Amino acid sequence: MPSFLNAITVAVAFSVAVASPVDFQKRKAFTLHQVERTQFLKNGAQSKLRTLRKYGATIPEGLVEAAAAAANGSAPAVPGDAYDSLYLTPVTIGNTTVQLDADTGSADLWVFSSLQASSQLTGHDYYKVDSSKAISGATWKISYGDGSGAAGKVYADKVVVGGVTATSQAVEAATSVSSQFQADRDTDGLLGLAFSSINTVKPTPQKTFFDTVKSSLASPLFAVTLKYHAAGTYDFGALDSSKYTGDITYVNVKTTNGFWEFTASGYSIGSGSTTTSSIDAIADTGTTLLYLPTAAVSAYYRQVSGAQDSSSEGGWVFPCSATLPNFSLVIGGVKQTVPGKYVNYSPVTTGSSTCFGGIQDNTGIGFSIVGDIFLKSKYVVFESPASGTPRLGWAQQ
Ligand SMILES: Cc1noc(C)c1CN(C)Cc1cc2n(n1)CCN(c1cc(N)ncn1)C2
């Protein structure tokens, strides 16, 4: 049989059930039913938008919206406890939905898995590994600022966050996790959203979920709306003007350390004057508190009666009844204010009348960390264009 007929036979077999060569030769005419191969379906509007942008052409009305229709998405960020210690986001990996801590301060997507001792899996949803999806020879091991960590092996699988699909995403399946994670039955793993340069997979670092899907989004960004004692969102691919007021102020990001790192130019406390101070900080959704230079922290707690930097409690504490002043950072020339009540993180132990401060000293860290205490009053845009400098955008919720 001529070679081109082989192809037709295979095509016919594939689309009209298996037709043996004998059947095929008897037939005078046949129908080739087209099968829509949606998994390869590209968003035409997206392709046109990308081309027009590439060549600097005018973008016609409605094209961005059309392109956005298929690729963007939004996922919830739900407080993991009564104190907003962390926020959890449902993520579907393969055919299991797990609760991950979306973390702009790290770059590994890792999850509790069937590789762990079953005793570690009690109370968790977890990823059931399929050895046929393993990335051969790849391992990972991560440690966080609080001494917690995890390690394991790597698989390539489908990951969906808020309707945004990465068809083949590096999924880091845990073989072991630290005691902090074993004790926390709410967190099934982390969704790293820092830069892929700090992904811990060896021998070849893997892309974050955002890096995997970025080119399919209408815009190369995700926007974070964490909330005080309430569910917020992670939006991918577009801004949502219903989630913020006023303007978004953008500042450039330094990516050399792999973080969303920026510089604030000063701070103020309550209605006081602004102190000019260059503060190198990272925007970190995976860190609970706000860690700042000693001078700013001391100046803040000088305004709080009964506040003390307690070695026994591990940081600044105050009477839970204290009135806390607002705190502002100057970012991009604009004062971004956190309400004083957000600075009351939690009682040092359940029922105590002594509360642990949401503002703490950054000594020993090497930079400041703008964590959830600060972020939960803001609409924050994490933008990383295909070429050019990444930016952070800040607006009031
Ligand atoms: C419960 C609970 N309470 O507070 C936390 C946190 C938990 C979660 N639980 C104890 C486990 C845990 C430990 C960590 N996480 N989750 C999130 C990742 N960690 C980070 C991320 C980052 N960007 N920077 C520093 N550490 C440390």
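These numbers were taken from a predicted model, which means no experiment stands behind them. Remember, it's 1-based here, ligands and their atoms both numbered in the order they're listed.
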How far is [atom] from the closest protein heavy atom, and which atom is that?
| atom | result |
| --- | --- |
| atom 6 (C) of ligand 1 | Thr288 OG1, 4.0 Å |
| atom 10 (C) of ligand 1 | Gln180 O, 4.0 Å |
| atom 9 (N) of ligand 1 | Asp184 OD2, 3.1 Å |
| atom 19 (N) of ligand 1 | Tyr144 CG, 3.6 Å |
| atom 16 (N) of ligand 1 | Phe181 CE2, 3.3 Å |
| atom 7 (C) of ligand 1 | Leu86 CD2, 4.0 Å |

In terms of the angle between their ring planes, are [X] and [Y] parallel, tilted or perpendicular, with boundaries placed at 30° and 60°?
| X | Y | value |
| --- | --- | --- |
| Phe236 | Phe222 | tilted |
| Phe382 | Trp260 | perpendicular |
| Phe327 | Tyr300 | perpendicular |

Only heavy atoms of [X], strictly under 4.0 Å: list the atoms of ligand 1 that pass.
| X | result |
| --- | --- |
| Asp101 | 17 (C) |
| Thr287 | 22 (C), 23 (N), 24 (N), 25 (C) |
| Ser85 | 3 (N), 4 (O) |
| Asp146 | 13 (C), 14 (C), 27 (C) |

Would you kindly confirm whether Val317 and Ile269 end up in one hydrophobic cluster when ILVMFWY residues are joined by side chain heavy atoms under 4.5 Å apart?
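Same cluster.
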
Would you be so kind as to tabulate the donor-acceptor pairs closer than 3.5 Å made by side chains of residues 89-100, with sequence neighbours excluded?
{"residue": "Thr89", "atom": "OG1", "partner": "Pro76", "partner atom": "O", "Å": "2.8"}
{"residue": "Thr92", "atom": "OG1", "partner": "Thr97", "partner atom": "OG1", "Å": "2.8"}

I'd like to know if Ser106 contacts ligand 1, where contact means a heavy-atom distance under 4.0 Å to any ligand atom.
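Judged by the 4.0 Å heavy-atom criterion, Ser106 does not count as contacting ligand 1.
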
Residue part near ligand 1, for Asp186, under 4.0 Å between non-hydrogen atoms
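Near ligand 1, Asp186 shows nothing, with every heavy atom at 4.0 Å or more.
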
Please state which option from Leu100, Leu190, Thr104 has its nearest heavy atom closest to atom 18 (C) of ligand 1.
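The option holding the nearest heavy atom is Leu190.
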
Close side-chain approach of Leu290 to Val370, heavy-atom, < 4.5 Å:
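Yes; the side chains approach each other to less than 4.5 Å.
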
Quick one, Val164 and Val160 - any side-chain contact, counting heavy atoms below 4.5 Å?
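No; the side chains remain at least 4.5 Å from each other.
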
Enumerate donor-acceptor pairs with a distance under 3.5 Å from any side-chain N or O in residues 389-397 to protein atoms, sequence neighbours excluded.
{"residue": "Arg391", "atom": "NE", "partner": "Glu383", "partner atom": "OE1", "Å": "2.6"}
{"residue": "Arg391", "atom": "NH2", "partner": "Glu383", "partner atom": "OE1", "Å": "3.1"}
{"residue": "Arg391", "atom": "NH2", "partner": "Glu383", "partner atom": "OE2", "Å": "3.3"}
{"residue": "Gln396", "atom": "OE1", "partner": "Lys378", "partner atom": "NZ", "Å": "2.5"}
{"residue": "Gln397", "atom": "OE1", "partner": "Lys227", "partner atom": "NZ", "Å": "3.0"}
{"residue": "Gln397", "atom": "NE2", "partner": "Leu226", "partner atom": "O", "Å": "2.6"}
{"residue": "Gln397", "atom": "NE2", "partner": "Lys376", "partner atom": "O", "Å": "3.4"}
{"residue": "Gln397", "atom": "NE2", "partner": "Lys378", "partner atom": "O", "Å": "2.8"}

Can you name the closest pair of heavy atoms from Gly105 and Phe259 and give their distance?
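Heavy atoms only, the tightest pair is O-CE2, 3.3 Å.
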
